[in-house]
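For reference, the structure is listed below as structure tokens.
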Amino acid sequence: MNIRFESQLKNTIASGLKSLYQLNVEASSIILQETKKEFEGDVTLVVFPYTKTSGKSPEQTAQAIGEFVSASDFPLESFNVVKGFLNLSVKKEFWKNYLATISNDHSQLFDPKKTSDENFKPSKLMVEYSSPNTNKPLHLGHVRNNLLGFAVSNVLKACGHEVVMVNLVNDRGIHICKSMLAWLKFGNGETPASTHMKGDHFVGKYYVLYDKKYKAQVEELEKDGVTKEEAERTAPLHVEIQEMLRKWEAGDPETKSLWEKMNNWVYEGFAETYKKLGVSFDKIYYESKTYLLGKEIIQDGVASGAFFKKEDGSVWIDLTEAGLDMKVLLRSDGTSVYITQDMGTAQLRFDEYPGLEKLIYVVGNEQDYHFKVLKEIFRKLKRNWADGLYHLSYGMVDLPSGKMKSREGTVVDADDLIKEIVEEAEMATKAQGKLDDFNSPEAKELYHNLGMSALKYYILKVDPKKRMLFNPAESIDLNGNTGPFISYTYARIRSVLRKGGAMKLEADKFVSHDSSPEEKLLIKQIYQYSVVIKAAADAYSPALVAQYVYDLAKAYNHFYHEHIVVDAEQKDITSFRLHLSEMTSLVISKCMAILGITVPERM
RNA sequence: GAUCUCGUAGCUCAAUUGGAUAGAGCAACUGCCUUCUAAGCAGUAGGUUAUGGGUUCGAUUCCCGUCGGGAUCACCA
């Protein structure tokens, strides 16, 4: 039997439907689902859809199909019918043989070319994520973005696709000028080094300071009887900031060098945070280098009639046909708006990477409208890759106290968060008292990995599309559906393998062992790996991987509790269980790696 | 105001895309360490899936209404 039997089974069922009921169904359209735990069987066919043409009751239809499969070449052990559900069991040996196969050759489990069906083809994809502003440090929202972007990229790679991970840094604009101006006026030449501050926090401090000073000026003017609007426009800082932006766009050397200096401070800070988060990029785009590219596309669009120019010189697109409205693409003074830049970068990327099929933007759902517009723009421009633009729109992160608001100081800083969660992991590990040396570099690494395991799993187990609640107290939990629980299970398996590894026989020596329900369940769970990866890639959802690896860890712990691995009653049983344990550990570490989590050999 | 989106156990999340008796964890309660890591395992309790209708063999899932939360609708980014 083929190591993946589904397509063979589907073909058999399809020909069954044809010969029994003259019903023509595509084999690939037949849906098989895993049999629920409380029933006997491996896969289940729901026959309701076929009862109309069969003219028989659901039970009779299921029975007839079951008998047809039984009589066919398909290696069926048995089947049973419950209402309209046909539960099929494949030959008993199948699962043991499967374990032997993947144990001998891991690529049979992990290589998408060997686990996916014939019509699978790898794609060339690009994932944009992170995309920070260079005026303030990263916060919890960015953390979700970064973890998600990194994990989604890994899921797609694990599914066999070629993935380019990119970051688009928003390094220009009036918000950047604010921190620059504040530093010039009030900084007294201090630097991150002189103040022992992380560069991004240092610059962020001046961004906040600008806002504070500016508000004070506005209030002062209002006291003198000036209206609010007037005050906001005429406040000295506001005038200066406009001037600074103008100078920046004109390429004034002094402004540019200040800008470069401060951005570099921020980049140093970001690099540190990215490193702690364990995320990386193949390529970094800077808006300052791409924001002009969109203008050319806009001129072409005007020429081709996709866009239109108003009398004042501003350029618009009419998207009413697509259910959207009119959208400005270029200001009347000829300067670009936000979307101009995104148009330029998209074009640039498809030019730079020929054959790119999809450009996946990991961006919060507050920008749903923006990305709808972007896609429509390229449809109007008749770019053949327009449909390849995909907005992976994730939900906002809330706190128990409500929404994060920088104005109210309720923003959770990424660096603080990481520091705290790692400290919690350290305390918890010390309380367990299992490590001999708590101060070694390995111990430090363990605390970091465990803390990040908690944080990453906590965030990634939630469906990306959904808004989620971040409860700091809960995120450091170590029990139950958590990263540390899965890490623990891995460490436990590794410990077993260290003890019994020497007793492992050749993989094909254990097939005589008649596996228990716990063992069979575990093998079936491992078997699901490639199915889950495929589903996770299709849905751009690392949450499916998180859910799966948790179920796998639970299945192992259940098995572990019921059976002794090392020194079982017979040598071949020990060997069987060692192979089973090892394959479980490999799948766990693979899934966790996809989530960006490093699992420990001991803890 | 218009458009989009969400509402599942006390809390945080699932539910194989329309399938079986809606599942996990946390919190609560009860058992299990003289065997390979108890950050574990097993059990008890907890639900009118916001609400009212509709579609059908079958609805947490699809459609309509209502209530409630969130987002977006700038020559901001």
Side-chain angles (χ1 to χ4, degrees), chain A residues 31-39 44 46-49 51-52 57-58 82-85 87 133 170 172-175 287 310 312-316 323-325 327-339 341-342 364-370 372 393 395-396 398 400 403 428-429 431-432 434 450 458 461-463 465-471 473-475 477-482 484-489 491-500 528 531-532 535 539 543-544 546-547 550-551 553-554 557-558 560-568 574 577-578 581 602-603:
Chain A
I31 297 166
L32 294 171
Q33 47 189 270
E34 249 184 293
T35 304
K36 295 231 172 200
K37 239 163 103 185
E38 53 268 40
F39 299 97
T44 296
V46 183
V47 301
F48 290 108
T51 51
K52 222 164 233 170
S57 73
V82 183
K83 292 191 271 183
F85 298 88
N87 301 320
N133 291 338
N170 185 343
R172 57 148 208 129
I174 195 123
H175 48 293
E287 276 194 28
K310 281 194 178 174
D312 62 6
S314 58
V315 175
W316 295 72
L324 308 171
D325 48 17
K327 187 86 191 165
V328 67
L329 300 179
L330 213 57
R331 295 193 186 98
S332 50
D333 64 4
T335 58
S336 59
V337 292
Y338 180 59
I339 203 159
Q341 164 278 128
D342 258 330
N365 63 12
E366 60 203 344
Q367 296 200 39
D368 283 355
Y369 185 74
H370 172 78
K372 267 186 203 168
S393 163
M396 298 289 102
D398 286 329
K403 292 182 61 178
T429 305
Q432 289 280 341
K434 289 181 189 169
L450 284 177
Y458 183 83
K461 73 175 173 178
V462 182
D463 182 343
K465 290 197 285 290
K466 292 192 178 169
R467 164 179 283 267
M468 68 170 287
L469 186 97
F470 187 90
N471 185 330
E474 230 173 65
S475 69
D477 267 358
L478 310 167
N479 306 318
N481 191 359
T482 65
F485 163 79
I486 298 162
S487 297
Y488 169 77
T489 305
R492 183 188 233 185
I493 298 174
R494 299 303 296 172
S495 169
V496 170
L497 292 174
R498 279 193 297 273
K499 281 219 163 69
Q528 286 300 316
V531 178
V532 170
L544 298 181
Q547 192 62 44
Y550 170 64
D551 287 336
K554 258 201 320 188
N557 282 326
H558 182 63
Y560 178 89
H561 189 258
E562 298 295 319
H563 304 285
I564 291 177
V565 178
V566 181
D567 291 327
T574 285
R577 290 177 182 159
L578 285 169
S581 297
R602 58 186 88 220
M603 65 184 271

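The sequence lines fix the lettering, A, B, ..., with proteins before strands; numbering per chain opens at 1.
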query = In terms of side-chain heavy atoms of A:Asn557, which of B:rC41, B:rA14, B:rC36 is nearest?
reply = B:rC41
inquiry  = Using only modelled atom types and a 3.5 angstrom limit, is any donor from either the side chain of A:Ser332 or the base of B:rC75 paired with an acceptor on the other?
reply    = yes
query = Counting just side-chain N and O atoms, does A:Lys554 come under 4.0 Å of either OP1 or OP2 of B:rA24?
reply = no
message = Once you measure the plane-to-plane angle for A:Tyr458 and A:Phe470, does it fall in the parallel (<30°), tilted (30-60°) or perpendicular (>60°) bin?
response = perpendicular
task = Determine the contact category for A:Thr429: base if any of its heavy atoms lies under 4.0 Å from a base atom, sugar-phosphate if only primed atoms, P, OP1 or OP2 are that close, otherwise nothing.
result = base
request  = Determine the contact category for A:Leu469: base if any of its heavy atoms lies under 4.0 Å from a base atom, sugar-phosphate if only primed atoms, P, OP1 or OP2 are that close, otherwise nothing.
outcome  = sugar-phosphate
inquiry  = Does the Lys NZ or Arg CZ of A:Lys310 fall within the cation-pi geometry relative to A:Trp316 - under 6.0 Å from the ring centre and within 45° of the axis?
reply    = yes
message = Quick check on RNA chain B: between A:Ile174 and A:Arg492, whose nearest nucleotide comes earlier from the 5' end?
response = A:Arg492
ask   = What about the rings of A:Phe85 and A:Phe39, do their centers lie closer together than 6.0 Å?
value = no
ask   = Within the structure shown, what part of the strands sits under 4.0 Å from A:Leu330 by heavy-atom distance: base, sugar-phosphate, or nothing?
value = nothing
ask   = For A:Asn479 and B:rC41, what is the distance between atoms CG and P respectively, to the nearest whole Å?
value = 9 Å
ask   = Which part of the nucleic acid, if any, lies within contact of A:Val337, taking any heavy atom under 4.0 Å across all strands shown: a base, the sugar-phosphate backbone alone, or nothing?
value = sugar-phosphate
key: Rounded interatomic separation in angstrom, taking NZ from A:Lys372 and P from B:rC73   = 12 Å
inquiry  = By the rule that syn is within 90° of 0, classify the base conformation of B:rC41 as syn or anti.
reply    = anti
request  = Counting heavy atoms from C-beta on, name the nucleotide in B:rC36, B:rG40, B:rA14 closest to the side chain of A:Ser495.
outcome  = B:rC36
message = Measuring from the side chain of A:Ala539 (C-beta onward, heavy atoms only), which nucleotide among B:rA77, B:rU72, B:rU17 has the closest atom?
response = B:rU17
Of the listed nucleotides B:rC75, B:rA20, B:rC36, the one nearest the side chain of A:Val496 = B:rC36
ask   = How would you label the contact of A:Asp325 with the nucleic acid (heavy atoms, under 4.0 Å): base, sugar-phosphate, or nothing?
value = sugar-phosphate
task = Would you kindly give the CZ-to-P distance between A:Arg467 and B:rU8, to the nearest whole Å?
result = 13 Å
query = Heavy atoms under 4.0 Å, any strand shown: does A:Tyr369 hit a base, just sugar-phosphate, or nothing?
reply = sugar-phosphate
ask   = Just checking A:Lys466: base, sugar-phosphate only, or nothing, at a heavy-atom cut-off of under 4.0 Å?
value = sugar-phosphate
ask   = With sequence neighbours left out, what residues match A:Arg467 under salt bridge (charged side-chain N to carboxylate O under 4.0 Å, His left out)?
value = A:Asp398
inquiry  = Does either side chain, that of A:Asp325 or that of A:Tyr369, offer a donor lying less than 3.5 Å from an acceptor on the other one?
reply    = yes
message = If I compare all heavy atoms of A:Met603 with all of A:Pro484, which pair ends up nearest, and what's the gap?
response = CE-O, 4.0 Å
query = Base, sugar-phosphate, or nothing: which does A:Asp551 touch, judged by heavy atoms less than 4.0 Å apart?
reply = nothing
query = What is the distance from CZ of A:Phe48 to P of B:rG18, rounded to the nearest Å?
reply = 16 Å
query = Checking all strands, does A:Phe39 fall into the base, sugar-phosphate, or nothing category for heavy-atom contacts under 4.0 angstrom?
reply = base
key: Length of the CG-P vector between A:Leu478 and B:rU12, whole Å   = 21 Å
note = Of the candidates B:rC75, B:rA20, B:rA39, the side chain of A:Thr35 sits closest to B:rA20
task = With the side chain of A:Asp312 defined as its heavy atoms from C-beta on, choose the nearest nucleotide among B:rC75, B:rA77, B:rA14.
result = B:rC75
task = Take atom CZ of A:Arg498 as the centre, draw a 6.0 Å sphere, and report whether it contains more than 12 heavy atoms from other residues, nucleotides or ligands.
result = yes
ask   = Is A:Pro49 touching bases, backbone alone, or none of the nucleic acid, heavy atoms closer than 4.0 Å?
value = base
task = Check every strand shown and say whether A:Phe485 touches a base, only sugar-phosphate, or nothing at a heavy-atom separation below 4.0 Å.
result = sugar-phosphate
Proximity to the side chain of A:Tyr550 - top-ranked nucleotide from B:rA77, B:rG19, B:rG25 = B:rG25
remark   = Sorted by position of nearest nucleotide on RNA chain B, 5' first, the leading residue of A:Asp368 and A:Leu32 is A:Asp368
request  = Could you walk me through whether A:Asp477 and A:Thr482 pass side chain to side chain donor-acceptor pair (under 3.5 Å), step by step?
outcome  = CA-CA 7 Å; A:Asp477 267 358; A:Thr482 65; over 6 Å; no
key: Stacked pair A:Phe85-B:rG19, distance under 5.5 Å, angle under 30°   = no
inquiry  = Between P on B:rA38 and NZ on A:Lys434, what's the gap in Å once rounded to a whole number?
reply    = 7 Å
key: Interatomic distance where NE2 belongs to A:His561 and P belongs to B:rG43 [whole Å]   = 11 Å
message = Mind checking if A:Met468 touches a base, just sugar-phosphate, or nothing, with heavy atoms under 4.0 Å?
response = sugar-phosphate
Check: A:Val47 main-chain N/O paired with A:Thr51 side-chain donor or acceptor under 3.5 Å = no
ask   = Roughly how many Å is it from OH in A:Tyr560 to P in B:rU35, rounded to a whole number?
value = 10 Å
inquiry  = Of the options B:rC41, B:rA77, B:rU37, whose atoms approach the side-chain atoms of A:Asn170 most closely?
reply    = B:rA77
request  = Look at the side chain of A:Asn87 against the base of B:rA20 and say whether a donor-acceptor pair falls under 3.5 Å; ignore hydrogens and angles.
outcome  = yes
message = Please determine whether any donor N or O and acceptor N or O are separated by less than 3.5 Å between the side chain of A:Thr44 and the base of B:rA20.
response = yes
query = With pairs taken as Watson-Crick or G-U wobble and both distances under 3.5 angstrom, which stems of at least three consecutive pairs involve RNA chain B?
reply = B:1-7 with B:67-73, B:10-13 with B:23-26, B:28-32 with B:40-44, B:50-54 with B:62-66
message = Looking at B:rA24, I'd like to know if its phosphate oxygens (OP1 or OP2) sit under 4.0 Å from a side-chain N or O belonging to A:Asn481.
response = no
query = Considering only B:rC26, B:rU37, B:rA14, which nucleotide approaches the side chain of A:Asp477 most closely?
reply = B:rC26
message = Mind checking if A:Lys499 touches a base, just sugar-phosphate, or nothing, with heavy atoms under 4.0 Å?
response = sugar-phosphate
message = Need one value for A:Lys83: base, sugar-phosphate or nothing, where a base atom within 4.0 Å counts as base even if backbone is also close, heavy atoms only.
response = sugar-phosphate
key: B:rU5 glycosidic torsion: syn (within 90° of 0) vs anti   = anti
